[in-house]
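Below, chains carry the letters A, B, ... as their sequence lines are ordered, and counting in each starts from 1.
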Protein chains: 2
Amino acid sequence: MASRSYGQYCGVTTAVELIGERWALLIIRDLLVGPRRYTDLKQGLPKIPTNILSTRLKELQEGGVVRRVPLLHCGLVYELTPYGRELEPIVLALGRWGFQEMGDPQPEDVVTADSLTMALRTAFQTDAAATLPPADYELHVADVALRVQVDASGLRIAQLQPAGRPIDPRLGTQASTSGEPDLVFAAGPGIRRLISGELTPAAAIDQEVLAIVSGDGTLLERFARTFHIPIDPGVVLVA
Amino acid sequence: MASRSYGQYCGVTTAVELIGERWALLIIRDLLVGPRRYTDLKQGLPKIPTNILSTRLKELQEGGVVRRVPLLHCGLVYELTPYGRELEPIVLALGRWGFQEMGDPQPEDVVTADSLTMALRTAFQTDAAATLPPADYELHVADVALRVQVDASGLRIAQLQPAGRPIDPRLGTQASTSGEPDLVFAAGPGIRRLISGELTPAAAIDQEVLAIVSGDGTLLERFARTFHIPIDPGVVLVA
DNA sequence: CCGGATCCGAATCGATACTG
DNA sequence: CAGTATCGATTCGGATCCGG
């Protein structure tokens, strides 16, 4: 099954042979959020053909990136190996890099819980979080709902069921959430322009990119400072 | 020509749509060394079909990653845009990640000047270079020859012609090299095991992984400390 | 429902040949 | 030097099917 070789003895080449096939890095992105069942991955990657998903999972296992873990009486999950988890900073950096040229969504584009979770991680500003007071948000984008807790020690994101309860904690990085969030707000894909700094929180509300559901709206300012990906001006000139 | 979309509105997805096609990241790796002609790229990627190379270059231009620059009376070169150059830390990190699972070379595998140049950059330890005295190496691997200059201010690598002179300075990141190197040595692909720390310099010479051509052999120790990618023990256990 | 395997047409890739 | 053109080999995508 040795994938088509590039014929070079080089670290970059080896990396690309391990994770460069179509869909592979998106599978890894989702697994960076937490272990996932085959079906979870399929739902999180709505356009992936099932044969491709199973082929990639097999290849990633052979490459030592992914591991298959049976759950007692509960099916099985795929998870990253320690080697696979070393890709986290790379995937986050790629997400930041791609963010700058995302443009506006295609009509067919969806936002999934895992992709939004990772997007928030890519945008997370550790130093801002360390200097600002803690905050506890509930964020709704399209039909995904996230509980986002920020304090000086870092970032914690839990995925909520449409109903409002966190999903299966067995599978999760999701620790149990407690109490009520300080701010609940809903946004569309235009939230990207809040994170890029193109829009202030006030402007975002004005343009109906974002709406406050409940809680202290002034926290949006803190949110925007905690999650931020500056657009490099050099990039815009080039594009 | 909009490449097959993954159907998600996400930074990682956008990044993979821009640079995730087969061969794209290897083209970028080579362009990170310096601007290159079409023919240079073809030689540095011996197994790439020419139609794929031209297709990728077109796509990378549309994506704002690569730029086509005519040279006065001298043909033209491709170079990274500022946006493309932002990929440097990502490609270096991928190279380090892949390095750990490179294993031994396939019989067909080649080592190119650009891939070796980038490999040295991935392995470069800034802090070791800052504390160690400067050094000036000439390194031969297979039929590529590099002049590698290290001092506290950083790393400079020039590609030498088989004859021994640096190649066309017009195209180069290659500044003119001066004087004689402190150490000239030749190695095979096993140099990887020196860089990983599996082999000491003495053992590398012993096993004929590496041979000193001229100069002060004790500098090999300094070389090994300057260029180092530790193998994560966790990885080995998993693999 | 979970975790895939199979089949088949469409698109892409790879190898070679050829051209301004 | 800098690519196109062509064409068979592979892979991908979409749908269906299957065993537990």
Undergrad: Just report the end-to-end axis angle for the helix from dC1(C)-dG20(D) to dG20(C)-dC1(D), five pairs per end, to 10 degrees.
TA: 30°
Undergrad: Compare side-chain N and O positions of T39(A) against OP1 and OP2 of dG3(C) and report whether any pair is under 4.0 Å apart.
TA: yes
Undergrad: dG3(C) P sits how many Å from L57(A) CG, rounded?
TA: 11 Å
Undergrad: Is a donor-acceptor contact shorter than 3.5 angstrom present between the side chain of N51(A) and the base of dG4(C)?
TA: no
Undergrad: For E79(B), is there an ion pair with R67(B) - N to carboxylate O distance below 4.0 angstrom?
TA: yes
Undergrad: Between the side chain of T55(B) and the main-chain N/O of N51(B), is any donor-acceptor distance below 3.5 Å?
TA: yes
Undergrad: Taking the basic N atoms (NZ, or NE/NH1/NH2) and the acidic carboxylate oxygens, is any pair closer than 4.0 Å for R85(B) and E88(B)?
TA: no
Undergrad: Calculate the interatomic distance between R22(A) atom CZ and dA11(C) atom P; express it in whole Å.
TA: 13 Å
Undergrad: Within the 4.0 Å heavy-atom criterion, would you say K42(A) contacts the bases, only the backbone, or no part of the nucleic acid?
TA: nothing
Undergrad: Start at the 5' end of DNA chain D and walk down; is the nucleotide closest to S54(B) or to Q43(B) reached first?
TA: Q43(B)
Undergrad: Using whole Å, report how far OH of Y38(B) lies from P of dG20(C).
TA: 16 Å
Undergrad: For R56(A) and R22(A), indicate whether the former's side chain and the latter's backbone hold a donor-acceptor pair under 3.5 Å.
TA: yes
Undergrad: Measure the distance from CD1 on I48(B) to P on dT12(C) and round it to the nearest whole Å.
TA: 16 Å
Undergrad: Identify which one of R29(B), Q106(B), K47(B), E108(B) satisfies the side-chain hydrogen bond (donor to acceptor under 3.5 Å, both in side chains) criterion when paired with Q8(A).
TA: R29(B)
Undergrad: Rounding to an integer number of Å, can you tell me how far I52(A) CD1 sits from dT12(C) C1'?
TA: 12 Å
Undergrad: Round to the nearest Å and state the distance from R4(B) atom CZ to dA11(C) atom P.
TA: 10 Å
Undergrad: I'd like to know if the side chain of T81(A) and the backbone of V65(A) have a donor-acceptor N/O pair within less than 3.5 Å.
TA: yes
Undergrad: Could you check if a side-chain atom of K42(B) sits within less than 4.5 angstrom of a side-chain atom of R36(B), using non-hydrogen atoms only?
TA: no
Undergrad: Just by modelled atom types, is the L57(B) backbone N or O under 3.5 Å from a matching donor or acceptor in the Q61(B) side chain?
TA: yes
Undergrad: For I27(A) and dG3(C), what is the distance between atoms CD1 and C1' respectively, to the nearest whole Å?
TA: 14 Å
Undergrad: Which residues satisfy the salt bridge (charged side-chain N to carboxylate O under 4.0 Å, His left out) test with R192(B), sequence neighbours excluded?
TA: E198(B)
Undergrad: dC2(C) C1' sits how many Å from D40(A) CG, rounded?
TA: 10 Å
Undergrad: Answer with base, sugar-phosphate or nothing: what part of the nucleic acid does L76(B) contact at a heavy-atom distance below 4.0 Å?
TA: sugar-phosphate
Undergrad: What is the first contacted nucleotide of DNA chain D and what is the last, in 5' to 3' order, if contact means an atom lying under 4.0 angstrom from a heavy atom of chain A?
TA: dT11(D) to dA15(D)
